[in-house]
Amino acid sequence: MPFDHNDHYHRLLLRHLPHDCRTALDVGCGTGRFARRLAGLGLEVHAVDPSAEVLAQARAADGEVADGGGLPRYEHADITQLELPDGHYGFISCLASLHHMPFDTVTALRKALAPGGVLVVLGCYQEKSPADWGWGLAAAPVNAGIRLAVGASERLRPAGSAPVKPPVAPPGMPLPRIRREAAALLPGSRIRRLLFWRYLLVFRKEALPTGA
């Protein structure tokens with residue numbers, strides 16, 4: 001079914017966009033849906049993904065953007081191998097991508113944030129505790145209902161080619177460990193559990209003193 005858990009949380013992530021933000025980095029952008037939303041708000045968006053196949057679909061989808069809408073700048077690369085500019089991005093997003101790389105990659109992302117910039121991670125965690133399983137049980141019927149509703153609406157649309165799916169990998173870190181790692185590498189960050197087997201991490205880099 002076509003319901004996408006990451007797309008479901010786009011509006012939640014955008015609430016953390018700094019009001020004066022001009023530049024953004026989307027890590028593991030996939031087919032570019034969130035990157036295009038950021039670009040449509042007038043941001044200069046650098047969208048990075050290690051899969052050439054999904055980036056080809058992202059670029060193809062750019063042609064469907066209405067005239068006047070901004071477009072991301074895509075780069076086929078492994079974010080862990082890139083030299084990101086220090087203090088450059090006002091907003092950095094990772095949607096279900098951080099578990100594909102070492103968690104300490106957030107250190108480089110933190111350095112790439114401009115003063116006052118925000119890093120948001122919509123992450124996946126390994127289910128290991130009764131609390132994890134309880135949230136999973138609560139999400140299952142909601143997930144099934146939404147998938148059925150979205151699937152029914154999709155069947156009314158003209159048939160087209162099947163979209164390319166970004167590579168997937170099972171998360172290897174449970175939520176308590178993610179909290180510990182984030183506390184050490186992103187002091188002051190906040191993490192909360194979300195429905196649909198996700199968590200939200202928000203880190204804001206300290207702004208420069210007034211007049212600095």
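Values reported hereafter were calculated over all heavy atoms of this structure, with side chains retained and with hydrogens, waters and symmetry mates removed. Since the model is a prediction, treat every value here as computed from it, not as a measurement.
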Please name the pair of heavy atoms, one in [X] and one in [Y], separated by the smallest distance, quoted to 0.1 Å.
| X | Y | answer |
| --- | --- | --- |
| S97 | G28 | CB-CA, 4.0 Å |
| P18 | R204 | CG-NH1, 4.4 Å |
| D49 | C29 | OD2-N, 3.3 Å |
| P187 | F203 | O-CE1, 3.3 Å |
| T31 | Q57 | CG2-NE2, 3.5 Å |
| H88 | T23 | O-OG1, 2.9 Å |

For atom CD of E206, is the number of surrounding heavy atoms from other residues, nucleotides or ligands below 6.0 Å larger than 12? no
Is atom CZ of R190 surrounded by more than 12 heavy atoms (other residues, nucleotides or ligands) closer than 6.0 Å? no
Just checking, any donor-acceptor pair under 3.5 angstrom between side chains of [X] and [Y]?
| X | Y | result |
| --- | --- | --- |
| H99 | Y125 | no |
| T80 | D78 | yes |
| N6 | R33 | no |

Using 0.5 Å steps for rounding, measure from the [atom1] atom of [X] to the [atom2] atom of [Y].
| X | Y | atom1 | atom2 | answer |
| --- | --- | --- | --- | --- |
| E44 | L71 | CD | CG | 12.5 Å |
| R15 | L12 | CZ | CG | 5.5 Å |
| L17 | R37 | CG | CZ | 11.5 Å |
| L84 | I79 | CG | CD1 | 4.5 Å |
| Y199 | C124 | OH | SG | 8.0 Å |
| L13 | H8 | CG | NE2 | 10.5 Å |

Is there a side chain to side chain contact (heavy atoms under 4.5 Å, CB included) between L113 and L25? Walk through the geometry before answering. CA-CA 9 Å; L113 278 176; L25 170 66; over 6 Å; no
Are the side chains of [X] and [Y] in touch, meaning some heavy atoms are under 4.5 Å apart?
| X | Y | result |
| --- | --- | --- |
| H46 | Y74 | no |
| L82 | V48 | yes |
| L194 | L122 | yes |
| F91 | V120 | yes |
| D62 | P72 | yes |
| Y9 | L200 | no |
| E181 | D104 | no |
| H10 | L95 | yes |

Indicate if [X] and [Y] have the same hydrophobic cluster label, given that clusters are the connected sets of ILVMFWY residues with side-chain heavy-atom separations under 4.5 angstrom.
| X | Y | answer |
| --- | --- | --- |
| Y89 | L98 | yes |
| F34 | L43 | yes |
| L55 | M101 | no |

Candidate pair V202 and R192, rule side chain to side chain contact (heavy atoms under 4.5 Å, CB included), full reasoning: CA-CA 9 Å; V202 179; R192 67 184 177 100; over 6 Å; no
Which one of I92, L119, L186 satisfies the side-chain contact (heavy atoms from CB on, under 4.5 Å) criterion with R110? L186
R179 side chain vs I191 backbone, donor-acceptor pair below 3.5 Å: yes
